Every structure is written in C-alpha cells, then in structure tokens.
Amino acid sequence: MIFAKQALLADGWASDVRLSVDGGAITGLSVGASAAPDDQCVDTLLPALANLHSHSFQRAIAGMTEYRAAGKDSFWTWRDLMYRFTAHLTPEHIEAIAAFVFLEMQEAGYASVGEFHYLHHQPDGAPYDDLAELSARIAAAAQVSGIGLTHLPVLYTYGGAGQMPLQKGQARFGNSVDRFGDLVAHARRAVADLPEDCRVGIAPHSLRATSPDDLAAALVAHEGGPVHIHIAEQPKEVTDIEAWLGARPVDWLLANADVTPEWCLIHATHMTDAETRAMAHSGAVAGLCPITEANLGDGPFNGPAYLQAHGAFGIGSDSNVRISLTEELRTLEYSQRLRDMARNVMVVEEGSVGHMLYTGAARGGAQALGRKAGTIAVGQLADLVAIDSHDTALMALPRHQLLDGLVFAATDAAVTDVWSAGRHMVQGGRHVAREGIVARYRAAMDSVMAAL
C-alpha cells in the first residue's frame, strides 16, 4: 500500500490518499484515509511521466560535441561525430550505458521509456549471430533498472532522401524490410521475460531513411501497437523530402499512411499551420524533446496552434545530453516564449501552465508508449512519482501552484520515489540498484574512451 498526504488524481487534488497496487496496476484508491503501519508513506504523489523518445547510447557522447569547428556547426555535423563514436561501442557497452540512462530517467521522475533503437549490427554492418543481440541488451538494461520499456526497433534502409545508399557511419543501422521483420520478431522474444507492461512497437526512422514502398510494407506487417517516426526535424529534411516526394514531410505522411493515435511523430518542428492542425486532428502524439532540440539547433515546436487544435503531446530526452524531466518541460515553454516574446504560452486561453504541461505530457507520453497510465486511477498502471512539497523551491506554494513550482522552479532533486508499474525503483531520491549500475557504466566508459 502507498499512502500520500496529497495526490493529484484523475479528477484533481485530494488529501490523505491510500493506494493498493497489485500486478503492476492500481487496484484500490481511498481518499481521506489513514496510513497503516506498513504503508509506504510519501508527501505528494503524481502520475509519473513516460520518456517517449530516447537513443540511450548517445548519452555517452554528452559534452563531446560542444566544440565549434571551422565553419557552421549544425545537426548534420553533430550527426557525423555521433556516427564515428558508435563504431567503438560493443554490446556490453550498449547495455551498461542504457542501464545507467534508465536509472537517470527514473531518478528524474520518469517511470517508462520509449527506446528508439537503431543500433542493430556490428560496426561493419554485419549482423550478430542473434539478429536482435542489441535489442536483447536494451531489454537487459530495462530488467536491471526496472523501468517500463516500450522497445522500438528502427527501420533504417537508406542514407538520405531519394533512397541514397547508407553511408559508412550508418552501416550498423541498416536493414531491408524483410530483415527488419525478422529483427522485430527476435526483439519480441528478447523482451518476453520482462514484466507484462513492457512491449515492442516499430519505428520507421524517418521518411529520408526509408521509402514509400518500404514504409507501407513495414506498416502492413506490423502486428499493432506503437509506431514512432522522426518527422520534419530540420529545414534541410523538409526541403529534401518535398523535392523527392512532392510534399512536405508531415503533409506527405498524413496523406499516405493511416496515422492514428497509436503513432508518435517525433519533433515535427518545422510545420505549417495547416500541417499542425492536421497532425493534431489525426490523434497522433507529438513527441517533443526540447533539450535536445535546443542543443541541436532544431528550432521550437508550433505549440500554441497545436494546443488550440487539441493536439496530444509528450516529452522525451532523445540524445540524453541532459536527463531532467523538470528542465524538459520548462524548456518547452521557454522555447515558445523566446519565439513569441510572450509569457505563459503553452496553455489554451487561461490557466496554470505548469499543470497543463505536466498533465498533458503525462497523458500523451502514456498514449505514445501504449501504456495504460498517465493518471492516478483504479485500473491504471502504478506509474507514480512522489515529490517533496517541502523542497525549498516548493515550500511557499499552495497546492494549486505546486506543478508551476515543479516545472519552473524546482530541480529533479524534489523527486523522492518512483514506481514503474508498481516496481518501487527510486526510494529516498536514489535508485535502488544505483551502485552496481553506475560501476558498470564507469567501466564501460573507461573502455570506450581507451578505444577512441
């Protein structure tokens, strides 16, 4: 049983809340209750967010790409550096890095992750004996960290728009549609021993890394569940796709694929107002990664128009250059303020921006990962986060302003506990397996740096 002095339930704030959890889900909920001696007692309980977009291995290059070389740095020059780094990663490295990243996510307040996984093969592109060797490593990292995993094997067939051949640095990513189908089947077996809340979706990497025929074939073969795709992240991508396919990326995708609420369109940074409204009306989730989008110079999302059209959104840490739930949400709002030279932008008409950002991301992230979560209610997964309302950034705030304080003033240090589908993995602000996971990560990074 979990007892909270206060909790944000599906219908609003409540005091003295007692939850029962069984099989990973909330099975009972009482308001105005008293704590029992054996209860896990916390201060303030919130629905935990899903981190809907992660490339865990990229955490290992954080801080390595912030040196300006001659000429203009861009997403594309960053990508070249990232490609060179991947050549030195072994399966053991990838597992250790992923476990550490998942630990950091949980300590930041995330209960689950969508791992957009495109590192499939050996450095020269040859498959491992087990086609899903590296998917199995991600599953092992999820097992040790206890995070809720939605594994998203990536279809990556071409090196650029127009079916360009893969570049040398992309050899580890590449699959034909047929081999991709085999890889997904192997990946399903790799996660079969994980808890029941873990699942496998698919992720066509982007329109530029696939083709219309391959995308259609992959979707026909898909057994249902989440479908994630990078879309319209960079102006060059928009220009290249329009020159090749005759339409901007979001326009083309909505016209040529059955985009449903099971889809998550990652970034969607460069859209017209018409594309923004059409994407919102599709029911798909906008997968926003504000820290990475700022770090890579992608640009801000078209937030106000999307919210006006009742679009669903969630947040992800993408390149994992900085894993912070609170900073991700505030960067989303601040990117809108900087563009529009206004305040309190990411809310329709009036209301608490922090509340809208947090609860909207909770619902949208759960939807994107195919998790029955995002609110605290009977029947929902016990994806829960506890925060300390006596944290110095929050202590002066009344309850109705608590999420504003969390989003705009607090750090992730306000997080005391996290449950991932009932697994109590963060206690007293620390992951229960921190020491072993961190030791393996340090050893992996020492090995990687020695090989560079």
Side-chain angles (χ1 to χ4, degrees), residues 51-55 58 62 65-66 68 71-82 116 160-161 205-209 228-245 247-254 264-280 284-309 311-322 324 327-347 353 357 360-361 364 368 407:
N51 184 328
L52 57 64
H53 187 66
S54 164
H55 310 298
Q58 292 180 11
T65 61
E66 310 305 326
R68 184 180 179 89
K72 183 178 180 180
D73 269 348
S74 69
F75 166 84
W76 308 99
T77 56
W78 171 88
R79 190 182 72 161
D80 288 341
L81 292 169
M82 182 267 290
F116 196 102
H205 178 273
S206 56
L207 295 182
R208 58 185 161 82
H228 290 215
I229 186 170
H230 290 129
I231 200 86
E233 181 178 3
Q234 285 280 325
K236 181 180 184 302
E237 177 185 5
V238 175
T239 301
D240 288 352
I241 294 301
E242 190 168 21
W244 175 36
L245 299 179
R248 294 167 58 88
V250 173
D251 268 344
W252 188 93
L253 185 69
L254 294 175
C264 182
L265 277 55
I266 306 298
H267 304 306
T269 311
H270 298 282
M271 294 192 292
T272 64
D273 284 346
E275 285 177 305
T276 302
R277 290 191 295 272
M279 178 181 161
V285 177
L288 308 178
C289 308
I291 293 175
T292 294
E293 288 153 4
N295 182 266
L296 298 182
D298 290 343
F301 180 72
N302 192 2
Y306 190 73
L307 292 184
Q308 287 287 344
F313 72 94
I315 59 169
S317 57
D318 195 351
S319 70
N320 297 301
V321 65
R322 168 88 169 112
S324 170
E327 191 172 327
E328 209 75 67
L329 290 171
R330 77 174 62 108
T331 302
L332 172 56
E333 167 66 18
Y334 286 169
S335 69
Q336 309 296 300
R337 296 185 186 190
L338 286 167
R339 180 197 57 220
D340 296 348
M341 294 183 289
R343 296 192 72 250
N344 298 327
V345 177
M346 285 290 287
V347 66
V353 179
L357 288 171
V407 171

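Fair warning: this is a prediction, and the values are worked out from it, not measured in the lab.
Contact record, Arg208 with Ile241: N-CD1, 3.8 Å, taken as the closest heavy-atom pair. Of all the heavy atoms in Asn51 and Gly316, the pair that sits closest is OD1-CA, 3.2 Å. A pairwise comparison of heavy atoms in Ala305 and Asp273 identifies CB-OD1, 4.4 Å as the closest pair. The shortest non-hydrogen separation linking Leu296 to Gln234 is O-NE2, 4.0 Å. The two residues Ile291 and Glu328 have their closest heavy-atom pair at N-OE2, 2.6 Å. Nearest approach of Ala209 to His205, heavy atoms of both residues: CB-ND1, 3.8 Å.
Atoms CD and OG, from Glu327 and Ser317 in turn, are 12.0 Å apart once rounded to the nearest 0.5 Å. Between Leu254 atom CG and Met279 atom CE the span is 8.0 Å, to the nearest 0.5 Å. Considering CD of Gln58 and CG of Asp318, their distance stands at 6.5 Å, rounded to 0.5 Å. Of the inter-residue distances, the one linking Met271 atom CE with Thr276 atom OG1 reads 3.5 Å to the nearest 0.5 angstrom. The distance from the CG atom of Asn295 to the CG atom of Asn320 is 11.5 Å, given to the nearest 0.5 Å. Atom NE2 of His53 sits about 4.5 Å away from atom NE2 of His267, to the nearest 0.5 Å.
Taking 4.5 Å as the limit, some side-chain heavy atom of Leu265 sits within range of a side-chain heavy atom of Leu253. Inter-residue side-chain proximity for Val407 and Val353 is flagged as unmet; no heavy-atom pair is nearer than 4.5 Å. Proximity of Val250 to Val238: side-chain heavy atoms (C-beta onward) are nowhere separated by under 4.5 Å.
Val285 pairs by the side chain to side chain contact (heavy atoms under 4.5 Å, CB included) definition with Leu52, Cys264, Ala312, Gln367, Ala368, not counting sequence neighbours. Residues passing the side chain to side chain contact (heavy atoms under 4.5 Å, CB included) test with Val345 are Pro304, Glu333, Gln336, Arg337, Asp340, Ala342, sequence neighbours excluded.
Here the side chain of Arg339 pairs a donor or acceptor atom with the backbone of Phe301 at under 3.5 angstrom. Between the side chain of Asp251 and the backbone N or O of Pro249, no donor-acceptor pair lies under 3.5 Å. In this structure, Arg248 contributes its side chain and Glu242 its backbone to no donor-acceptor pair below 3.5 Å. Proximity of a side-chain donor or acceptor of Thr272 to a complementary backbone N or O of Glu275 within less than 3.5 Å is detected. Formation of a donor-acceptor pair under 3.5 Å by the Thr292 side chain with backbone atoms of Ser319 is found in this model.
Judged by distance alone, the side chains of Asp298 and Thr269 never bring a donor and an acceptor atom under 3.5 Å apart.
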Using the ring pair (Phe, Tyr, Trp, His ring centres under 6.0 Å) rule, take Tyr306 and Phe313 through it: C-alpha gap first, then chi angles, then the decisive distance, then the call.
CA-CA 9 Å; Tyr306 190 73; Phe313 72 94; 7.6 Å; no
With side-chain contact (heavy atoms from CB on, under 4.5 Å) as the test, would you mind laying out the steps for Leu207 and Ile231 before giving the verdict?
CA-CA 7 Å; Leu207 295 182; Ile231 200 86; 4.0 Å; yes
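Classification of the His230-Phe116 ring pair by plane angle, with boundaries at 30° and 60°, yields tilted.
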